[in-house]
Protein chains: 2
Amino acid sequence: MDAKNVNRTSLKRLSNYKNVLYKLKALGFVKVFSDNLGDAIGVSAAQVRSDLSKFGITSGNKKGGYSIDELLDNVKETLGKDEIQKVIVVGCGKMGNAIMNYSGFPVEGMRIVAGFDTNPTMVSSNERIPIYCLDEMERIVSEEKVRVAIMTVPESAAAQVFDLVQRAGIKGVLNFAPLQLRSTETCLVNNINIALELESMFYMVKYSLTRPLS
Amino acid sequence: MDAKNVNRTSLKRLSNYKNVLYKLKALGFVKVFSDNLGDAIGVSAAQVRSDLSKFGITSGNKKGGYSIDELLDNVKETLGKDEIQKVIVVGCGKMGNAIMNYSGFPVEGMRIVAGFDTNPTMVSSNERIPIYCLDEMERIVSEEKVRVAIMTVPESAAAQVFDLVQRAGIKGVLNFAPLQLRSTETCLVNNINIALELESMFYMVKYSLTRPLS
DNA sequence: TAGATTGTTAATCGATTAACAATC
DNA sequence: TAGATTGTTAATCGATTAACAATC
């Protein structure tokens, strides 16, 4: 695999291919062409083949396309879906609770194991997920071997909580706080700023830039 | 302004500059250099100047840098923050309610005017925002002159609701449903897929790709 | 003035696309 | 076999960065 070209964009496409493959499989399909996969997520067939090749997936059959089962296995293995991916939610307000109850996560392979809050008496509406006090984070993260956290805290708490999260040994953060956190040497941050997304949307609409977004 | 280079990435950076400028202003600063702005959001000074220039903002002063007030006015005008930006939330489950109560939106210039749901008897925890039945969408959107919607519906309803949203006259959609919607000729879609973001995060962490994300 | 910073142009970098040999 | 599709290489495209003239 050509690691230098692997970036968030190509990874998200790979995840997307996986979703499409599951759907095709559910519909009873057995084979798929790069052309079909491209159509399904709105990219070119060349892009699909280039992506798969980049991740070292070359199970395609000239003329015959790809076996869905085989391709799915390869993609799942590449994305690490062979093992269960644990994640914690830090900040159990409305947004944190919404994510803890989010139905869009794939059933297999991804699991929210705990929530954390300054006020842990608030109970997850999803009773299966325990909520702890922030200062128990290091213990739980270590015990459960969690490496990824979702941060849904208010802006005012974000910087301080990010320190805590890093000290707990978390290696990757999906940050929903409206504050751009910077990746450090040991912890990777992916910022999702809803206000920013919305603002860019207003602009695009205002100037009728109805071309597809990247 | 050089519209052909305007894309979501540069727009989000512009929004980011605005946030930084507000913070600097609050701290009592009067002047700022492209170098400072770049540091603040983690891009180069050249990128900052290139962005501003692209949006037709050339209020900089050689040697003196930029006046924060003047630059802020220019950025706000470019982003259309001179007028109030109305938005509706379609799907008032946990995620929809979390967004209706989201504290990260700038106080000025951005306002959620209504929520919509198949079951409109559920009341917004934020009492200021009324919740209507889906079939009232066209009327409200027209009366309130809304152009942008946030979609927080289950995957199973997404395609159908997207049709409804388009028929109501919405021109831009921020989609949180775990299903990639495609932009049409008249309606621009920005997909935010939390599961996808999380999955790419797992991968990056797994291979210790702790380089900053794009 | 001398030093420093902008705005813009040219150079670089990286990602997407087109083309095509290999081959089922 | 002939036609079609992969995997990869080369060409293209676009975005970022470096460089620098203009100038405060």
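Lettering follows sequence order; numbering is per chain, from 1.
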To the nearest angstrom, the CG-P distance between Leu71(B) and dT6(C) comes to 11 Å
Can you measure Leu14(A) atom CG to dT16(C) atom P for me and round it to whole angstrom units?
13 Å
Rounded to the nearest Å, what distance is computed from the CD atom of residue Gln47(B) to the P atom of nucleotide dG7(C)?
15 Å
Donor/acceptor link under 3.5 angstrom from Lys62(B) side chain onto base of dT6(C):
yes
Measure the spacing between OH of Tyr207(B) and CG of Leu11(A) and express it to the nearest 0.5 Å.
10.0 Å
For Arg13(B) and dA15(D), what is the distance between atoms CZ and C1' respectively, to the nearest whole Å?
8 Å
It should be established whether Arg49(B) places a side-chain nitrogen or oxygen under 4.0 Å from OP1 or OP2 of nucleotide dG7(C).
no
Does the side chain of Ser53(B) get closer than 4.0 angstrom to OP1 or OP2 of dG7(C) through an N or O atom?
no
Looking at every strand, decide which applies to Gly60(B) at a 4.0 Å heavy-atom threshold: base, sugar-phosphate, or nothing.
sugar-phosphate
Want to settle it: does Gly64(A) or Ser44(A) sit nearer the 5' end of DNA chain C, counting the closest nucleotide to each?
Ser44(A)
Counting C-beta onward and ignoring hydrogens, is there a side-chain heavy-atom pair between Thr78(A) and Tyr203(B) closer than 4.5 Å?
yes
Give a yes/no answer on whether the side chain of Asn7(B) brings an N or O atom under 4.0 Å of OP1 or OP2 in dA15(D).
yes
Just how far is it from atom CD1 of Ile150(B) to atom CD1 of Ile88(B), taken to the nearest 0.5 Å?
9.5 Å
If the cut-off is 4.0 Å, is Tyr66(A) near the phosphate of dC24(C), judged by side-chain N/O to OP1 or OP2?
no
Could you tell me the separation between the CG atom of Leu52(B) and the P atom of dT8(C), rounded to a whole number of Å?
11 Å
Could you tell me how far apart Lys63(B) (NZ) and dT5(C) (P) are, to the nearest whole angstrom?
6 Å
Calculate the interatomic distance between Asn36(A) atom CG and dA4(D) atom P; express it in whole Å.
15 Å
Rounded off to whole Å, could you give me the CG-to-P distance for the Asp35(B) and dA18(D) pair?
13 Å
Taking a pair as Watson-Crick or G-U wobble with both distances under 3.5 Å, which nucleotide is matched to dT17(C)?
dA10(D)
In terms of side-chain heavy atoms of Ala46(A), which of dT8(C), dT6(C), dT17(C) is nearest?
dT17(C)
Sugar-phosphate, base or nothing in reach of Ser10(B), heavy atoms under 4.0 Å:
nothing
Please report the interatomic distance OG(Ser10(B)) to CG(Asp51(B)), rounded to the nearest 0.5 Å.
6.0 Å
Taking the side chain as every heavy atom from C-beta outward, state whether Cys187(B) and Lys171(B) have any pair of such atoms under 4.5 Å apart.
no
Watson-Crick or G-U counterpart of dT23(D), or none if no pair lies under 3.5 Å:
dA4(C)
